[in-house]
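Only one structure is covered here, and it is reproduced in the block below.
Numbers here are sequence positions counted from 1. Being a predicted model, the structure only gives us computed values, none of them experimental.
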Amino acid sequence: MNNVDISVGTFDKLAKRYQDKYMDFSFYQPTYDKLIELMPSPRARVLDLACGPANISCYLHKKLPQLAIHGVDLAPNMIALAKENLPSATFEVLDTRNVAQLAGEFDIVIAGFATPYLSELEVAELLPDLRLKLAKGGLLYLSTMEALNKDDQLARTGMQTSNAGDQVYVYYHLAKFLKACLTQSGFEIIAEQRLTMDVAGANNGTAANDLFIYAKAI
């Protein structure tokens, strides 16, 4: 079993618990408001990658109910919850890495904390596919756990195991790497934000930055 399979299995098992924690998680809502501010149209076609229980899509739908939303996730239980939470949207089980299989193009692609479960190579392969799924001028919202430097990346990246024994493999990514991949894939970075999560006692007592990048398809 590879790292992605392990992580997906855990998210599938704990889908309801994830929903209870993140469905109305206000900490990230300012980043969704920034996405709304940058949106090209209130009727935009939205692709929500690794959508989970549709927590981001539900927030956007409440603000802009005319959005046409399609979400994908590799965990079947997440998709089942997403369908219940946002019946006006469409959802399917699909590996984010296979996004090129989707028909049509979109005005917005949301990659909300999808990349922490993908290696650098997988991210570098994914971003050109996302550019191809976006209409020219379309917008990408990408959030990830940020490594401050290579040493920090090596120290933080790896298997995380809960007290109950559930595991996810988490990759921390460098902003420089992500922005270079985006530029090479045909994106123009138009904004970025950082939020610092309080993780006292974790990661050797150091805080973790969550990085949010907004990029336009050119």
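Thr161 places no side-chain N or O within donor-acceptor distance of the main-chain N or O of Gln167, the cut-off being under 3.5 Å. For Asn209 (side chain) and Arg194 (main-chain N/O), no donor-acceptor pair under 3.5 Å exists by modelled atom type. A donor-acceptor pair under 3.5 Å is formed between the side chain of His173 and the backbone N or O of Thr115.
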Check the pair Cys51, Ile79 against side chain to side chain contact (heavy atoms under 4.5 Å, CB included), reporting the backbone distance first and the verdict last.
-> CA-CA 8 Å; Cys51 64; Ile79 291 297; 3.8 Å; yes
Given Asp5 and Asn2, is the side chain to side chain contact (heavy atoms under 4.5 Å, CB included) satisfied, shown in steps?
-> CA-CA 5 Å; Asp5 291 338; Asn2 61 37; 3.1 Å; yes
Evaluation steps, side chain to side chain contact (heavy atoms under 4.5 Å, CB included), between Lys179 and Glu192 | CA-CA 10 Å; Lys179 289 191 278 190; Glu192 61 183 271; 3.0 Å; yes
Stepwise side chain to side chain contact (heavy atoms under 4.5 Å, CB included) test for Phe212 and Lys34 = CA-CA 10 Å; Phe212 304 83; Lys34 181 67 174 179; over 6 Å; no
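With 3.5 Å as the limit, one finds no donor-acceptor pair spanning the side chains of Gln19 and Glu84. When only modelled atom types and interatomic distance are considered, Asp210 and Tyr28 share a side-chain donor-acceptor pair under 3.5 Å.
You'll find the side chain of Asp73 stays beyond 4.5 Å of the side chain of Phe11, heavy atoms only. Side chains of Val99 and Val109 form no contact here, defined as non-hydrogen atoms less than 4.5 Å apart. Contact annotation: the side chain of Lys63 approaches that of Asp33 to within less than 4.5 Å [non-hydrogen atoms, C-beta and beyond]. The shortest distance between side-chain heavy atoms of Gln153 and Glu120 falls below 4.5 Å. Using a 4.5 Å cut-off on side-chain heavy atoms (C-beta onward), Phe187 and Leu134 make contact. Under the 4.5 Å side-chain criterion, counting only non-hydrogen atoms from C-beta, Tyr18 is not in contact with Leu81.
The two atoms that bring Ile108 and Pro40 nearest to each other are CD1-CD, 3.5 Å, heavy atoms only. Contact between Ser7 and Tyr169 at its shortest, heavy atoms only, is OG-N, 2.9 Å. The two residues Arg45 and Ala135 make their nearest non-hydrogen contact at NH2-CB, 4.1 Å. The two atoms that bring Asp152 and Glu146 nearest to each other are OD2-O, 4.2 Å, heavy atoms only. Listed here is the closest heavy atom pair of Asp12 and Met78: OD1-N, 4.3 Å. Taking both residues in full, the closest heavy atoms of Ala147 and Leu174 are given as O-CD2, 3.4 Å, listed atom of the first, atom of the second, then distance.
Lys21 pairs by the side-chain contact (heavy atoms from CB on, under 4.5 Å) definition with nothing, not counting sequence neighbours. Residues that satisfy the side chain to side chain donor-acceptor pair (under 3.5 Å) test with Asp48, not counting sequence neighbours, are Ser57. Ser119 meets the side chain to side chain donor-acceptor pair (under 3.5 Å) test with Glu122; sequence neighbours excluded. Applying the side chain to side chain donor-acceptor pair (under 3.5 Å) rule to Gln193 yields the partners Tyr214; only residues at least two apart in sequence or on another chain are considered. Residues satisfying the side-chain contact (heavy atoms from CB on, under 4.5 Å) criterion with Thr96, sequence neighbours excluded, are Leu49, Ala50, Leu126.
The structure places OH of Tyr141 at 10.5 Å from CD1 of Ile36, a figure rounded to the nearest 0.5 Å. Rounded to the nearest 0.5 Å, atoms NZ (Lys13) and CG (Asn77) are 12.0 Å apart.
The environment of Lys133 atom NZ is dense: over 12 non-hydrogen atoms of other residues, nucleotides or ligands sit within 6.0 angstrom. Heavy atoms from other residues, nucleotides or ligands lying under 6.0 Å from CZ of Arg43 number 12 at most.
Side-chain heavy atoms closer than 4.5 Å link hydrophobic residues (I, L, V, M, F, W, Y) into clusters, and following such links, even through other members, never connects Val170 to Leu14. Linking ILVMFWY residues whenever their side-chain heavy atoms come closer than 4.5 Å, directly or via other members, places Leu130 and Leu182 in the same cluster. Grouping the Ile, Leu, Val, Met, Phe, Trp and Tyr side chains by contacts below 4.5 angstrom, directly or via other members, places Val72 apart from Val46. No single ILVMFWY cluster, assembled from side-chain heavy atoms under 4.5 Å apart, contains both Leu140 and Leu38. The same ILVMFWY cluster, assembled from side-chain heavy atoms under 4.5 Å apart, contains both Leu211 and Leu118.
Applying the ring pair (Phe, Tyr, Trp, His ring centres under 6.0 Å) definition to pairs two or more places apart or across chains, those involving residues 57-109 are Tyr32-Tyr59.
The aromatic rings of Phe27 and Phe25 sit tilted, their planes meeting at an angle between 30° and 60°.
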